[in-house]
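Single-structure report; data block below.
Just so we're clear, the structure is a prediction, and the values are computed from it rather than from any experiment. The chain is numbered in sequence order, starting from 1.
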Amino acid sequence: MADPTRRQLVKCLGALGAVAGAAVVAPRAAFGQTPVTARQPPSTITIPPRDFGPNAPPTTYFTDPDIVAVDPVFNGYVQPNAAITRLWTGALWAEGPAWSGQGRYLVWSDIPNNRQLRWLEDDERVTVFRSPSNNSNGNTFDFEGRQLSCEHLMRRVVRYEHDGSVTVIADSYNGKRFTSPNDVVAHPDGSYWFTDPPYGAQLYEGQADAPGGAANAAGRLRSRVGQSADAGRMKRELPNGVYRVDTSGKVTLVAGEEQVPDPNGLAFSPDYKKLYVVSTGKGPGDTGPGGKGDVHVFDVGSDNKLSNQKLFTDCMVDGVKCGPDGARCDVNGNLWLSSNAGRAVGYSGVTVWSPEGKLLGRIRLPEVCGNVCFGGPKRNRLFMAASQSLYAVYVATQGAAPG
């Protein structure tokens with residue numbers, strides 16, 4: 001006769017096994033979503049949300065569950081066994097990631113905190129790189145390894161030289177001050193191309209217009225409060241635009257507000273024969289048509305003039321507007337766009353498009369994404385500045401341009 005105590009133990013263990021088995025196969029429902037099957041991996045829209053931290057449990061899947069191949073072609077750009085990782089958090093609005101190939105570090109902007117941060121590859125340490133940064137937004141590195149930054153506060157584009165000095169690359173056009181340079185890219189001929197939308201003319205990300213300016217028409221905002229002696233006195237003087245500054249310092253308007261309302265992110269194709277320009281929504285004091293959250297593409301002529309403008313993508317995915325901001329091209333000509341889908345959980349992060357404008361895949365993040373860049377020694381790691389945090393994932397391609 002079996003020991004009754006042993007029988008009770010076996011019975012208890014059997015019951016626990018049944019409960020555990022049920023937990024394994026039970027579907028997990030997400031907000032506003034139908035229950036998923038047991039074979040579907042966890043994602044940013046499941047409950048509880050996954051942990052993206054560096055010490056989080058492994059995803060245990062062959063590819064990261066939040067890298068979604070919309071077209072089978074995208075599988076060729078996904079790195080197996082590479083997980084999306086949150087490298088750091090603590091910003092107010094993270095923007096402008098750029099990779100220094102020589103220094104082997106990533107720099108990015110925390111605009112409202114008026115600082116630039118740096119992530120070091122050797123020990124993954126994050127330090128304050130520049131403070132104050134004049135509310136810098138977009139950053140990149142040119143073909144000589146020098147950092148370029150777009151300053152909201154001072155309404156200009158600057159370059160940090162190898163000796164530590166700072167050069168003002170452009171602060172005006174035809175004698176009129178820029179509003180808030182946003183993003184900048186380098187060209188092999190030594191020129192720099194940048195956008196000038198109105199987003200920096202607000203208290204949170206730069207300086208409001210002086211009383212009477214377009215972004216402070218009623219004069220209620222006190223633009224001088226908390227500012228240095230040379231700040232807080234500027235007013236908007238120019239419409240939105242895309243500009244080119246050559247090696248002599250000459251500034252040329254290459255695309256006006258009527259062509260691309262509220263221009264934001266920029267990226268050249270790998271052969272520099274096409275320029276992608278992101279158009280976002282209206283900013284403070286903007287009286288123009290306002291962008292629609294889409295991306296336009298131009299042909300770049302040998303004379304550096306833009307032509308043959310086309311709508312590249314409206315950034316609609318499954319009926320959701322995946323609002324673009326920053327952009328980078330890989331060596332295959334695919335465009336990697338940051339995605340701000342607002343409250344559409346599961347659609348913020350990155351969208352990836354073929355040179356023909358076809359959606360290839362998505363990377364889902366638990367925060368809206370402001371900008372992206374390729375980095376790492378082999379330029380095969382995608383860094384994503386997303387709201388309060390910095391994320392990264394290895395990919396099976398490389399960035400096409402420096403920075």
query: Given Asn371 and Asp325, is the side-chain hydrogen bond (donor to acceptor under 3.5 Å, both in side chains) satisfied, shown in steps?
result: CA-CA 6 Å; Asn371 215 324; Asp325 193 332; 5.0 Å; no

message: Tyr276 and ring-ring contact (aromatic ring centres under 6.0 Å, His included): which single residue from Phe298, Trp353, Phe312, Trp193 fits?
response: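 Testing Tyr276 for a ring-ring contact (aromatic ring centres under 6.0 Å, His included) against Phe298, Trp353, Phe312, Trp193 leaves exactly one candidate, Phe312.
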
- prompt: Looking at Phe374, Trp108, Trp119, Trp336, which hits ring-ring contact (aromatic ring centres under 6.0 Å, His included) with Phe383?
  reply: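 Of Phe374, Trp108, Trp119, Trp336, ring-ring contact (aromatic ring centres under 6.0 Å, His included) with Phe383 is met by Trp119 alone.
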
Arg86 side, atom CZ; Tyr391 side, atom OH - distance, nearest 0.5 Å: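 Answer for the CZ-OH pair, Arg86 versus Tyr391, is 3.5 Å.
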
task: Enter the distance from Asp183:CG to Leu266:CG here, rounded to the nearest 0.5 Å.
output: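 Asp183 atom CG to Leu266 atom CG measures 5.5 Å (nearest 0.5 Å).
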
query: What residue among Arg224, Lys235, Arg155, Arg220 forms salt bridge (charged side-chain N to carboxylate O under 4.0 Å, His left out) with Asp209?
result: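 One option only clears the test, and that one is Arg155.
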
- prompt: Would you say the side-chain atoms of Glu95 pair up with the backbone N or O of Gly138, donor to acceptor, closer than 3.5 Å?
  reply: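 Absent.
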
- prompt: Looking at Glu121 and Arg104, does any basic side-chain N land under 4.0 Å from a carboxylate oxygen?
  reply: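 Salt bridge: yes.
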
field: Pair Asp299 + Lys273: basic N to acidic O under 4.0 Å
entry: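 Judged by the 4.0 Å cut-off on N to carboxylate O distance, Asp299 and Lys273 do not form a salt bridge.
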
field: Stacked cation flag Arg125 on Tyr105, 6.0 angstrom / 45 deg
entry: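 Because its charged atom misses either the 6.0 Å distance or the 45° angle limit, Arg125 does not stack over Tyr105.
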
- prompt: Is the charged tip of Arg362 near the ring of Tyr347: under 6.0 Å from the six-membered ring centre and within 45° of its axis?
  reply: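 Output yes; distance and angle both within limits.
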
task: Begin from the C-alpha positions of Tyr199 and Asn182 and carry the test side-chain hydrogen bond (donor to acceptor under 3.5 Å, both in side chains) through to its verdict.
output: CA-CA 8 Å; Tyr199 307 115; Asn182 185 284; over 6 Å; no

Side chain to side chain donor-acceptor pair (under 3.5 Å) partners of residues 393-403, not counting sequence neighbours, each pair once: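 Residue pairs with at least one partner in residues 393-403: Asn332-Thr397.
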
